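Each remark here refers to the structure printed beneath this line.
Values below: all heavy atoms of this structure, side chains included; hydrogens, waters and symmetry mates excluded. These numbers come from a predicted model, not from an experiment.
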Amino acid sequence: MLTREIYTCHRERAIKYLSKAGVILSEREKELLEVAEYGLGMVEKIGLQLVVYINTDRYCAKELVLFPSQTCPEHRHPPVGDDPGKQETFRCRWGMVYLYVVGEPTPCPHALPPLERRNFFTVWHEIILQPGDQYTIPPDTLHWFQAGPEGAVVSEFSSPSRDSMDIYTDPCIQADMPRRV
Ligand code: ZN
């Protein structure tokens with residue numbers, strides 16, 4: 001569960017990472033920073049910090065912050081009505097991120113998901129993103145990512161984000177949990 005303590009601590013820490021990456025935020029954006037805890041009680045390992053710049057019915061832009069080796073769990077963005085599902089582009093701004101997508105599994109991947117949830121990470125085609133690298137995830141396809149040893153700041157550009165519709169491989173994760181307390 002996302003407690004006030006966890007939220008405050010992760011928010012402050014994420015603001016420092018964004019500053020290191022040269023990202024300037026308004027006070028309002030800092031206030032609205034989100035912490036995805038995913039309900040697993042292991043937010044240092046499986047969790048994500050986000051700043052949403054804009055999310056309309058036409059497009060979305062966010063900044064994602066991952067602490068060292070922190071992991072965004074495997075999920076996909078399914079079709080909703082006439083929309084084929086969210087298409088997203090990740091661009092690494094600072095640090096390094098190991099991104100896993102559908103495709104030929106990479107032998108000896110760099111990332112290691114927490115062992116207790118390991119069964120819920122099923123796609124293993126590795127893409128390494130360093131500052132200046134970007135990669136686009138097609139709609140409705142599984143993906144997950146883990147920060148390198150220093151953490152990562154990643155910009156996300158996408159079609160509309162409907163986080164509550166996201167489908168996670170791990171059945172213990174609910175998509176619509178609060179991200180601020
Ligand atoms: Zn996604």
Side-chain angles (χ1 to χ4, degrees), residues 1-78 80-81 83 85-97 99 129 131-137 139 143-148 150-168 170 172-181:
M1 192 183 87
L2 183 64
T3 62
R4 181 79 200 162
E5 289 72 20
I6 291 172
Y7 174 72
T8 306
C9 164
H10 279 238
R11 180 174 160 272
E12 295 304 310
R13 200 172 160 204
I15 289 169
K16 288 190 183 126
Y17 274 73
L18 287 159
S19 171
K20 278 197 276 192
V23 175
I24 312 288
L25 296 177
S26 69
E27 288 308 309
R28 183 75 183 142
E29 286 163 342
K30 289 178 189 170
E31 235 172 74
L32 294 178
L33 195 144
E34 298 178 12
V35 177
E37 193 264 352
Y38 297 111
L40 298 174
M42 50 192 315
V43 65
E44 292 289 334
K45 292 180 180 170
I46 297 185
L48 181 67
Q49 296 63 229
L50 314 83
V51 176
V52 179
Y53 292 132
I54 188 156
N55 184 25
T56 71
D57 57 1
R58 301 188 66 195
Y59 62 94
C60 176
K62 300 178 187 181
E63 220 71 77
L64 312 178
V65 179
L66 295 121
F67 302 142
S69 300
Q70 200 182 24
T71 302
C72 172
E74 186 176 284
H75 65 281
R76 61 188 169 87
H77 307 285
V80 179
D83 184 337
K86 183 189 182 202
Q87 177 173 326
E88 54 193 12
T89 298
F90 296 122
R91 183 177 180 91
C92 182
R93 302 292 195 175
W94 184 90
M96 182 164 45
V97 66
L99 171 66
L129 299 179
D133 296 335
Q134 68 179 39
Y135 189 86
T136 299
I137 311 282
H143 55 284
W144 63 279
F145 48 96
Q146 184 176 85
E150 287 187 296
V153 174
V154 176
S155 296
E156 180 189 307
F157 314 100
S158 74
S159 49
S161 189
R162 301 181 180 91
D163 294 338
S164 64
M165 308 300 288
D166 294 348
I167 295 170
Y168 288 87
D170 189 330
C172 290
I173 297 179
Q174 292 142 23
D176 57 352
M177 299 197 63
R179 293 177 169 188
R180 278 198 306 273
V181 287

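- Screening residues 5-14 for salt bridge (Lys or Arg N to Asp or Glu O under 4.0 Å) gives R13-E44 as the qualifying pairs, with residues at least two apart or on separate chains.
- Rounded to the nearest 0.5 Å, atoms CD (Q49) and SG (C72) are 10.5 Å apart.
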Check the pair H77 / I137 against side chain to side chain contact (heavy atoms under 4.5 Å, CB included), numbers first and verdict last. CA-CA 10 Å; H77 307 285; I137 311 282; 5.7 Å; no
Please step through salt bridge (Lys or Arg N to Asp or Glu O under 4.0 Å) for the pair K86 and E156, ending with a clear verdict. CA-CA 11 Å; K86 183 189 182 202; E156 180 189 307; 2.7 Å; yes
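- Across L2 and R180, no two heavy atoms sit closer than the pair CD2-N, 3.8 Å.
- Residues F90 and L129 form a side-chain contact, since some pair of their non-hydrogen atoms from C-beta on lies under 4.5 Å apart.
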For L32 and V52: C-alpha separation, side-chain torsions, deciding distance, then whether side chain to side chain contact (heavy atoms under 4.5 Å, CB included) applies. CA-CA 8 Å; L32 294 178; V52 179; over 6 Å; no
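- In terms of heavy atoms, F67 sits closest to H10 at CE1-ND1, 3.3 Å.
- Note on residues 57-70: pairs passing salt bridge (Lys or Arg N to Asp or Glu O under 4.0 Å), not counting sequence neighbours, are K62-D163.
- Listed by first and then second residue, the ring pair (Phe, Tyr, Trp, His ring centres under 6.0 Å) pairs that reach into residues 19-61 are Y38-Y168, sequence neighbours excluded.
- Counting heavy-atom neighbours within 6.0 Å of M177 CE, excluding the residue itself, gives a total above 12.
- Side-chain contact between H75 and H143 is present, with at least one heavy-atom pair separated by less than 4.5 Å.
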Show your working on side chain to side chain contact (heavy atoms under 4.5 Å, CB included) between Q87 and T136 and close with a plain yes or no. CA-CA 7 Å; Q87 177 173 326; T136 299; 3.6 Å; yes
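- Atom CG of L64 and atom CZ of R91 lie 14.0 Å apart (nearest 0.5 Å).
- For T8 (side chain) and R4 (main-chain N/O), a donor-acceptor pair under 3.5 Å exists by modelled atom type.
- Nearest heavy-atom pair across A175 and S164 is CB-O, 3.7 Å.
- In terms of heavy-atom proximity, Q70 sits nearest to L48 at NE2-N, 3.8 Å.
- In this structure, NZ in K30 is found 4.0 Å from CD in E27, a value given to the nearest 0.5 Å.
- Residues P73 and D170 have side chains not in contact (no heavy-atom distance under 4.5 Å, counting atoms from C-beta outward).
- A heavy-atom distance below 4.5 Å is not found between the side chains of R179 and V35.
- Atom CG of L99 and atom CD of Q134 lie 12.0 Å apart (nearest 0.5 Å).
- Note: D166 CG to D176 CG = 10.5 Å, rounded to the nearest 0.5 Å.
- In plain terms, the two heavy atoms of C60 and S161 that are nearest each other are SG-CB, 3.6 Å.
- Taking the six-membered ring where the residue is Trp, W94 and Y17 present perpendicular rings, their angle passing 60° and hence far from 30°.
- Shown here for S159 and G85, the closest heavy-atom pair between the two residues is OG-O, 3.9 Å.
- At a threshold of 4.5 Å between non-hydrogen side-chain atoms, the residues T3 and V181 do not count as touching.
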Step by step, would you call V65 with L33 a side chain to side chain contact (heavy atoms under 4.5 Å, CB included)? CA-CA 10 Å; V65 179; L33 195 144; 5.9 Å; no
